[in-house]
Protein chains: 2
Amino acid sequence: MNKQRKPTKATVVLEKLQDDILTGKLAPEEKLPIEVLKKKYGLSGSPLREALSRLVVNGLVKEEQQCGFCVAPLSLDEFYDIYDIRARIESMALEMAIANGDDAWEADILASWHKFSKYIDPRLNKNVDPKKWDELQKEFLFSLVKACGSPWLLKIRAMLFEQTARYRAVCISAKVHDEKGTIGLLKMDEKLVAAVLARDAQNACQISEEAYRMSVAHTAEELKKRMPEGIKHTESHNERREEKRRKRS
Amino acid sequence: MNKQRKPTKATVVLEKLQDDILTGKLAPEEKLPIEVLKKKYGLSGSPLREALSRLVVNGLVKEEQQCGFCVAPLSLDEFYDIYDIRARIESMALEMAIANGDDAWEADILASWHKFSKYIDPRLNKNVDPKKWDELQKEFLFSLVKACGSPWLLKIRAMLFEQTARYRAVCISAKVHDEKGTIGLLKMDEKLVAAVLARDAQNACQISEEAYRMSVAHTAEELKKRMPEGIKHTESHNERREEKRRKRS
DNA sequence: TATTTGCAAATTGTCGAAAATCCTGTTATT
DNA sequence: AATAACAGGATTTTCGACAATTTGCAAATA
């Protein structure tokens with residue numbers, strides 16, 4: 001009998017904040033003044049600070065002592081870093097899952113692959129919702145490694161996944177309309193599923209890493225196009241301060 | 001130009017709590033009632049909850065909604081898991097560092113290895129402080145991977161390192177008095193340094209993993225002696241997993 | 001006897017205000 | 001003119017009290 005405990009306001013607002021950051025409603029480098037957030041989310045300072053503190057640890061929020069919180073910045077450097085590490089971790093988990101997985105694991109892969117592939121296939125579905133695309137893909141990728149047997153590896157993986165979501169969000173809509181690219185992705189993932197179910201770890205990892213490489217290249221293109229805006233925002237922020245100082249002197 | 005900001009009480013008490021948990025002053029599963037902590041650390045609830053919230057995210061503290069916080073439990077299951085993942089992550093970082101490291105990196109390895117090895121060698125130093133042993137070893141191991149080039153990998157590694165510290169602490173004093181074991185460790189680490197400086201990644205990783213395996217075996221022995229009965233019941237399962245890991249390499 | 005119900009005590013979670021700290025623009029000093 | 005010292009205002013951080021929730025225990029019920 002699992003006792004259902006009422007979630008605290010802190011955890012509720014944590015999820016809301018996380019979602020707002022991941023979807024870009026709160027922009028990178030944006031300042032997060034408590035006074036504003038209090039009104040926006042309709043609660044007091046304590047649970048807010050609690051939520052923000054948690055987000056600091058997993059890297060979505062940055063804190064400067066005595067100067068409050070802000071959304072963690074985005075950078076190309078970090079983007080390449082996270083994707084690189086994420087691909088390696090994913091391979092590691094994949095290898096372990098292939099060694100450990102049982103029948104239920106295989107069944108789960110087939111099920112989530114079915115749902116994901118049918119949904120995003122432009123030949124079957126013309127109206128894909130980027131949000132749902134992301135959700136289904138997440139479930140599919142998770143099903144592959146779920147059976148790796150290591151809670152900590154899954155925890156680390158989840159953390160990296162969350163981080164990359166922020167970068168993906170920048171250009172997710174672009175992907176939806178790239179019919180040719182989508183079909184390529186489908187074919188590649190299909191090969192991946194086949195390799196995993198055949199318990200061919202080496203091949204599976206190779207395909208997985210290849211998929212990551214393509215994804216990185218694609219996303220980086222979009223990022224370079226759009227990041228200037230994101231960065232300009234913070235730069236202008238800094239420059240405004242600089243300018244003010246210059247004017248006065 | 002680095003402005004020194006005064007640290008908040010929350011961050012101060014965070015470090016104190018972390019230290020108390022890592023050194024075992026706060027026992028695993030021990031309840032952490034705020035009323036008690038308030039008196040113990042001499043401050044109010046808000047910064048305390050903030051610190052505890054952070055510790056929840058990185059896994060040192062467990063929270064149950066509406067029922068407060070407690071020190072995260074220790075279990076053999078988790079012990080094997082963390083060490084396994086940590087060894088793999090360490091190999092990954094080692095490989096990258098060997099590929100990326102420069103002269104300064106090599107120099108740093110030699111320096112910290114010198115300090116560490118001289119200090120723990122029972123033929124040179126009879127009065128070793130376990131705390132300092134741990135500190136020097138930490139610095140030495142960090143120097144090996146520092147040049148891996150990935151901030152995120154280092155962050156993950158640091159997190160796992162912290163976690164294992166708690167398990168090590170249970171039996172750290174035993175290690176200090178095992179003269180033969182210490183000399184064995186020294187020899188092994190010496191070979192590791194040689195392999196790293198020779199940029200022989202494969203060999204280095206092999207030695208590193210071998211060292212972890214020995215460490216796991218040794219620590220597990222001590223843990224089994226000291227841990228309460230209830231926790232041991234999954235032991236056979238864990239050992240099977242260890243077997244699998246051993247065979248693979 | 002075993003299970004459920006209901007109340008009191010204890011503890012957690014939240015609030016609003018007070019204290020501490022930082023930033024900005026002005027004035028004083030060299 | 002450049003630098004340092006200093007208030008005023010804004011923001012962050014902390015406190016102490018209040019509200020909400022759980023837990024323990026005893027009485028009631030089957």
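None of the values given here were measured: they were computed from a predicted structure. Order of the sequence lines fixes the chain letters, A, B, ..., with proteins taken first and strands second; residue numbering starts at 1 for each chain.
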Lys/Arg N to Asp/Glu carboxylate O, B:K39 vs B:E35, below 4.0 Å: no
statement: Taken to the nearest whole Å, CD/A:E64 to P/C:dC22 is 12 Å
- prompt: Between B:D20 and B:Y41, do the side chains contain an N or O donor and an N or O acceptor separated by less than 3.5 Å?
  reply: yes
task: Identify, with sequence neighbours excluded, every residue that meets side chain to side chain contact (heavy atoms under 4.5 Å, CB included) alongside A:T164.
output: A:I82, A:Y83, A:R86, A:R168
query: In residues 30-49 of chain B, which ones come under 4.0 Å of DNA chain D, going by heavy atoms?
result: B:L43, B:S44, B:S46, B:P47
field: Length of the line joining A:Q65:CD and D:dT13:C1', which is rounded to integer Å
entry: 11 Å
task: Give the rounded distance in Å between these two atoms: CD of A:E50 and P of C:dT12.
output: 12 Å
message: With no hydrogens and no angle check, just 3.5 Å: does a side-chain donor-acceptor pair link A:E78 and B:W152?
response: yes
- prompt: Distance check: side-chain N/O of A:K6 vs OP1/OP2 of D:dT21, anything under 4.0 Å?
  reply: yes
- prompt: Of all residues at least two apart in sequence or in a different chain, which pass the side chain to side chain contact (heavy atoms under 4.5 Å, CB included) check with B:A220?
  reply: B:F79, B:Y80
- prompt: Rounded to whole angstrom units, what separation is found between the CG atom of A:L52 and the C1' atom of D:dT13?
  reply: 13 Å
query: Is it the case that more than 12 heavy atoms not belonging to B:K138 sit under 6.0 Å from its NZ atom?
result: no
task: By nearest nucleotide on DNA chain D, pick out whichever of A:Q66 and B:C67 is the more 5' one.
output: A:Q66
